[in-house]
Amino acid sequence: MTLHVAVLLGGFSSERPVSLNSGKACADALEAEGFRVSRIDVGHDIAQVLSELKPDVAFNALHGPFGEDGAIQGLLEFLQIPYTHSGVLASALAMNKVKAKAIARAAGVPVLDTLVVNRRKAAEAHVIPAPYVVKPIAEGSSFGVLIVREDQAHPPQELHGADWGFGEEVMIERFVAGRELTCAVMGDVALPVCEITTEGHAFYDYESKYLPGGSKHVIPAEISPAVTKRVQEAALAAHRAIGCRGVSRSDFRYDDRFGEGGELVWLEVNTQPGMTATSLVPDIARAAGHSFGELLSWMVRDASCKR
């Protein structure tokens, strides 16, 4: 029997454009794999739409709040439609970076100390010595991430702005120099480690992620076997501790200035990693021997409720 897959895309978070791209790429690839595909631009009537459509599986290609934070997962549980990626609890925990870090730390994953403060307080004076990073607690795609350099006399004044749309509280952590590493987990297997290099960008920001040529993916990362093992073990430990299912991707900073024993820091886990033409997980999966279509087919067949 041909499975009917509803690809959920778009939505109404700040990451809508990314989700539209991910959803289209996934829908096209799933059709090429022989699935019957319905593309659904998710609105507030999604429960009614899915109840009438009655798909066999929902492929969640949403990003950001509502699509990635346990909300759509709870609705799919209520409708008893098997779905891809992580379940309600893991999605909600992973979306809240502060809570996710507390769980990862308890599982032995190396994380930074985090200070949570009101954004206006963070704009008045440096709350920790520079350099440091200011991050929204529950956003993705590097939205709202600000790096404060040592020579900056004042904190970022964007935090004062009336148009700041990333929450009243922000998290502040010291800046870790070094390399951007990422590791995807597929099921219960850590895939090859990837290094992300960016030209002309201070860090792996929105433009680096989604514009063609904004970044390069070096797979496998040119690091020692010992460091590779450290990254894979940490990614798998975080995936398990937070309760992720299907495919997740953990991001790291690695300071290799002092050799193989340099500081490795886990930043976050992405329960809905991007699936655009420039996304990391499809490239990592290809390096592990899985074509894009094979990866998505595995995700569809892995779909379930009570995740």
Side-chain angles (χ1 to χ4, degrees), residues 93-94 96-117 122 126-137 139-140 142 144-152 155-156 170-185 190-199 201-205 208-209 215-242 244 248-270 273 280-281 284:
L93 288 173
N96 186 304
K97 295 180 178 66
V98 176
K99 297 188 185 302
K101 283 193 168 189
I103 293 169
R105 185 194 295 273
V109 176
V111 301
L112 292 169
D113 291 335
T114 299
L115 184 64
V116 177
V117 299
H126 295 309
V127 295
I128 65 172
Y132 60 85
V133 183
V134 181
K135 301 178 184 178
I137 292 173
E139 281 287 343
S142 298
V145 175
L146 303 167
I147 296 181
V148 180
R149 302 296 181 186
E150 288 177 281
D151 58 355
Q152 287 184 224
V170 294
M171 52 193 290
I172 296 178
E173 300 170 339
R174 65 178 173 86
F175 176 78
V176 178
R179 301 161 72 172
E180 298 266 3
L181 301 178
T182 193
C183 182
V185 173
L191 300 183
V193 178
C194 169
E195 179 174 8
I196 306 156
T197 62
T198 57
E199 293 291 337
H201 296 266
F203 70 106
Y204 190 45
D205 58 10
S208 301
K209 285 178 166 73
S215 64
K216 293 182 180 178
H217 305 163
V218 181
I219 313 169
E222 294 174 353
I223 53 179
S224 72
V227 176
T228 296
K229 183 179 179 182
R230 287 169 61 192
V231 173
Q232 290 177 318
E233 287 179 346
L236 194 53
H239 179 96
R240 289 170 172 168
I242 293 168
C244 301
S248 75
R249 196 195 79 232
S250 278
D251 297 334
F252 299 83
R253 293 285 286 184
Y254 172 52
D255 185 350
D256 64 347
R257 291 176 298 174
F258 306 105
E260 194 174 276
E263 183 179 27
L264 177 70
V265 173
W266 181 86
L267 301 176
E268 64 179 301
V269 64
N270 300 274
L280 287 157
V281 168
I284 294 170

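Positions are given from 1, in the same order as the sequence printed here.
Checked against ring pair (Phe, Tyr, Trp, His ring centres under 6.0 Å), Y132 has the following partners two or more places apart in sequence or in another chain: H126. Qualifying side-chain hydrogen bond (donor to acceptor under 3.5 Å, both in side chains) partners for T182, counting only residues two or more places apart in sequence or in other chains: R249, D251. Residues satisfying the side-chain contact (heavy atoms from CB on, under 4.5 Å) test with A122, not counting sequence neighbours, are V117, L159, V170, I172.
Nearest approach of A94 to A100, heavy atoms of both residues: CA-CB, 4.1 Å. Considering all non-hydrogen atoms of both residues, Q152 and I147 come closest at OE1-O, 3.4 Å. Residue D255 comes nearest to A177 through the heavy atom pair CB-O, 3.2 Å, listed as atom of the first residue, atom of the second, then distance. Residues W266 and A104 approach most closely at CZ3-CB, 3.7 Å, considering heavy atoms. In terms of heavy-atom proximity, C194 sits nearest to H217 at SG-CB, 3.8 Å. In terms of heavy atoms, H239 sits closest to S248 at ND1-OG, 2.7 Å.
Taking CZ of R230 as the start and SG of C183 as the end, the distance is 13.5 Å to the nearest 0.5 Å. Going from atom CD1 of I128 over to atom CG of L115 covers 7.0 Å, rounded to the nearest 0.5 Å. The CD1 atom of I137 sits 7.0 Å away from atom CE of M171, with the distance rounded to the nearest 0.5 Å. Expressed to the nearest 0.5 Å, how far CG of L191 lies from CD of Q232 amounts to 8.5 Å.
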Give the intermediate values and the outcome of side-chain contact (heavy atoms from CB on, under 4.5 Å) for residues E180 and E195.
CA-CA 6 Å; E180 298 266 3; E195 179 174 8; 5.6 Å; no
CA sep, side-chain torsions, deciding dist, call: L112, E263, side-chain contact (heavy atoms from CB on, under 4.5 Å):
CA-CA 11 Å; L112 292 169; E263 183 179 27; 4.2 Å; yes
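Each of L267, V227, L181, V193 was compared with F252 under the side chain to side chain contact (heavy atoms under 4.5 Å, CB included) criterion, and only L181 meets it.
In this structure, R179 and I223 have side chains that are in contact, with non-hydrogen atoms separated by less than 4.5 Å. V269 places a side-chain heavy atom less than 4.5 Å from the side chain of C244.
Between R149 and D151 there is no salt bridge, since no side-chain nitrogen of the basic residue lies less than 4.0 Å from a carboxylate oxygen of the acidic one.
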